[in-house]
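Chain identifiers are assigned alphabetically (A, B, ...) following the order of the sequence lines, protein sequences preceding nucleic acid strands; residue numbering begins at 1 within each chain.
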There are 2 protein chains.
Amino acid sequence: MKPSGSPHRASPTPTVKSMPDATATDGPTVGQVSTRLGVTVRALHHWDDIGLARPSLRTAAGYRLYTAGDLERLHRIVVYREIGLGLDRIRAILDDSTADVPGALRAQRTQVAERIDRLQQLSAGLDRMIDAHERGLLLTVEQQAAIFGPQWNPDWLAQARQHYGDTTQWRQYAERSASRGPEEWQAIADATAGLDRALGDAMDAGVTPGSPEANQLVELHREVFASYFPLTRQMQVCLGRMFEADPGFAAHYDGIRAGLATWFRRIIDSSARAHGIDPDTATWE
Amino acid sequence: MKPSGSPHRASPTPTVKSMPDATATDGPTVGQVSTRLGVTVRALHHWDDIGLARPSLRTAAGYRLYTAGDLERLHRIVVYREIGLGLDRIRAILDDSTADVPGALRAQRTQVAERIDRLQQLSAGLDRMIDAHERGLLLTVEQQAAIFGPQWNPDWLAQARQHYGDTTQWRQYAERSASRGPEEWQAIADATAGLDRALGDAMDAGVTPGSPEANQLVELHREVFASYFPLTRQMQVCLGRMFEADPGFAAHYDGIRAGLATWFRRIIDSSARAHGIDPDTATWE
DNA sequence: CTTGACCCTCACGTTGTGTGAGGCTGGAGG
DNA sequence: CCTCCAGCCTCACACAACGTGAGGGTCAAG
């Protein structure tokens, strides 16, 4: 608070000071100008500070008084600012009488067009993400059938969202889905089908829980499943139990080979135990 | 540069430091992450500073090492940032597991839509301004004929732009034109016609240069003309000379009353003299 | 042992105001 | 006369999301 003194200055503006009593005749003050032009007082102060629009007059007390000429200039500033020009460019246009106004305007127009473009792409991206969060997939029902096979039921997604919609995992899944096209889904579907086949073959071949082959399959499952969302071993154990308990999942796996659901759960449990996890106390995340 | 010491710190990150030689196994450093995700190193530093995305590991030398989990988080940040979310909101979505992601996305979408709207209005405004600068009027030829009468020639505008296009006055005129619709032009045309009539009547009535009536007419002319651009008395004198000298303007005024062009010039000169201006040395601006 | 590519931590600059803090001015009312 | 209150003044900090050095370590290679 050093400069606590009154705002008397030698002659900061190049113009003459007004008479002590003259107020209405010399021009409006900041507040009046601000309401008249629809800008804040702070903006007027700022424009004065940076020399963009200084009032020609000051009262003896230091009040800014804007003349008709000042208002003309301010009006142009407001217009250009609404157009989206930066204050520097406005200053250039206002002060440089040789400035190429239409050129500057055209340049600004292309910039605005670019920004509109970017925003529209962004809006499209947002729509895709919202869709992904709400529908779970960005594919038409036909595409879904073509990719996931005939036994695929589109309602499953809605049910999954009902159940898991506000879990971290659904969010992760949805966000990844937003940036996946049909080919990528196809690749995931292929990998899943390959895993199913490998599971059936291994069970046929008499692979036993805890064996290296079984553990490798469990790891493969983790990898494939990770395309939906990151899956810890504990979560995988929970999944395995669900595969066995849930009628839908059990039917799927037992449809590949009788007893596959249970066998799958057992190889997951064994692998988890090998990694120091007790399957009976494993929790989701 | 007080803290010029080496970046050894007790344990700033909650994680363990890596072995002195391990680099490739623990995770990528800032530079590698920056190229992989397409963000600048500075942005990574910034996100670390504000606690949005801190690397789980540091080498003994203080190098940031990003784990797979860190990269997951970073990826989500990048996606959300591309969507246009602010870092605060990104943090909210990432850290608050109860966050309403679709809601946030939808809110963002409406915001983006609003911004697009504003930009499109702005673009339209720019177009109007560019047009005004280049064509001088935003009216169709038919509108021009309807407003300015049958003897109006649209080519005059192009000629005027040719002559005066890079003067301050043309710019002022053009910018005002950008925000004028047909009704406003009609009002201006009416005022001009009224002025012409008043001039003819006054000359008929024997008003002499220097008389109060004459000076009042000169003031009226300044006022009416000011709808195009601010007109000083000096400039008005130059205009008066041109009205007399230019065949087109002279024909217009002499068409109202024989000798009106010269009489008009004389009442302007007299008025100027009364205001302390020597008409013979008056200059444009 | 030096070079050169990376990495580190300050710390200030950017843009166009928003938001006080602390204080003066000027007209109205008691 | 004094007080009140709206309006004005000048600092000066804050913002969002980094950019851009300054000044200096680190690391693998020649």
What's touching nucleotides 2-6 of chain C from the protein side, N or O pairs under 3.5 Å?
none

How many Å lie between [atom1] on [X] and [atom2] on [N], as a whole number?
X       : N      : atom1 : atom2 : answer
A/Leu57 : D/dC9  : CG    : P     : 13 Å
A/Ile50 : C/dG16 : CD1   : C1'   : 8 Å
A/Ile83 : C/dG16 : CD1   : P     : 15 Å
A/Leu85 : C/dT15 : CG    : P     : 14 Å
B/Leu52 : D/dA16 : CG    : P     : 13 Å
A/Arg91 : C/dG16 : CZ    : P     : 10 Å
A/Asp88 : C/dG16 : CG    : C1'   : 11 Å
A/His46 : D/dC11 : NE2   : P     : 16 Å

Using only side-chain N and O atoms of [X], determine if any of them is under 4.0 Å from OP1 or OP2 of [N].
X       : N      : answer
A/Arg42 : C/dG20 : no
A/Trp47 : C/dG16 : no
A/Thr40 : C/dG18 : yes
B/His45 : D/dC18 : no

query = Do B/Glu219 and B/Arg233 sit within salt-bridge range, that is, some charged N less than 4.0 Å from a carboxylate O?
reply = yes
Determine the minimum heavy-atom distance between [X] and [Y], stating which atoms define it.
X        : Y        : result
B/Ala53  : B/Leu74  : CB-CD2, 3.6 Å
A/Thr283 : A/Gln234 : N-OE1, 3.1 Å
B/Ser34  : B/Leu44  : N-CD1, 3.9 Å
B/Arg54  : B/Asp70  : O-OD1, 3.9 Å

request  = Determine the contact category for A/Leu87: base if any of its heavy atoms lies under 4.0 Å from a base atom, sugar-phosphate if only primed atoms, P, OP1 or OP2 are that close, otherwise nothing.
outcome  = sugar-phosphate
inquiry  = Over all strands shown, is B/Arg89 touching base, sugar-phosphate only, or nothing at heavy-atom distances under 4.0 angstrom?
reply    = nothing
query = Just wondering, are more than 12 heavy atoms of other shown residues or ligands nearer than 6.0 Å to CZ in A/Arg115?
reply = no
request  = Kindly check if the number of other-residue, nucleotide or ligand heavy atoms within 6.0 Å of CD (B/Gln216) is above 12?
outcome  = no
Contact nearer the 5' end of DNA chain C, comparing B/Arg64 with A/Gly86 = B/Arg64
message = Side chains of A/Gln143 and A/Trp185: any donor to acceptor distance under 3.5 Å?
response = no
request  = Return the angle between end axes of the helix from C/dC1-D/dG30 to C/dG30-D/dC1, with five pairs used per end and rounding to 10°.
outcome  = 30°
query = Residues two or more places apart in sequence or in another chain: which of them pass ring pair (Phe, Tyr, Trp, His ring centres under 6.0 Å) with A/Phe225?
reply = A/His221, A/Tyr228, A/Phe229
task = Start with the C-alpha distance between B/Arg89 and B/Gln108, add both sets of side-chain angles, then the distance that settles side-chain hydrogen bond (donor to acceptor under 3.5 Å, both in side chains), and finish with yes or no.
result = CA-CA 10 Å; B/Arg89 286 216 275 206; B/Gln108 182 67 10; 2.8 Å; yes
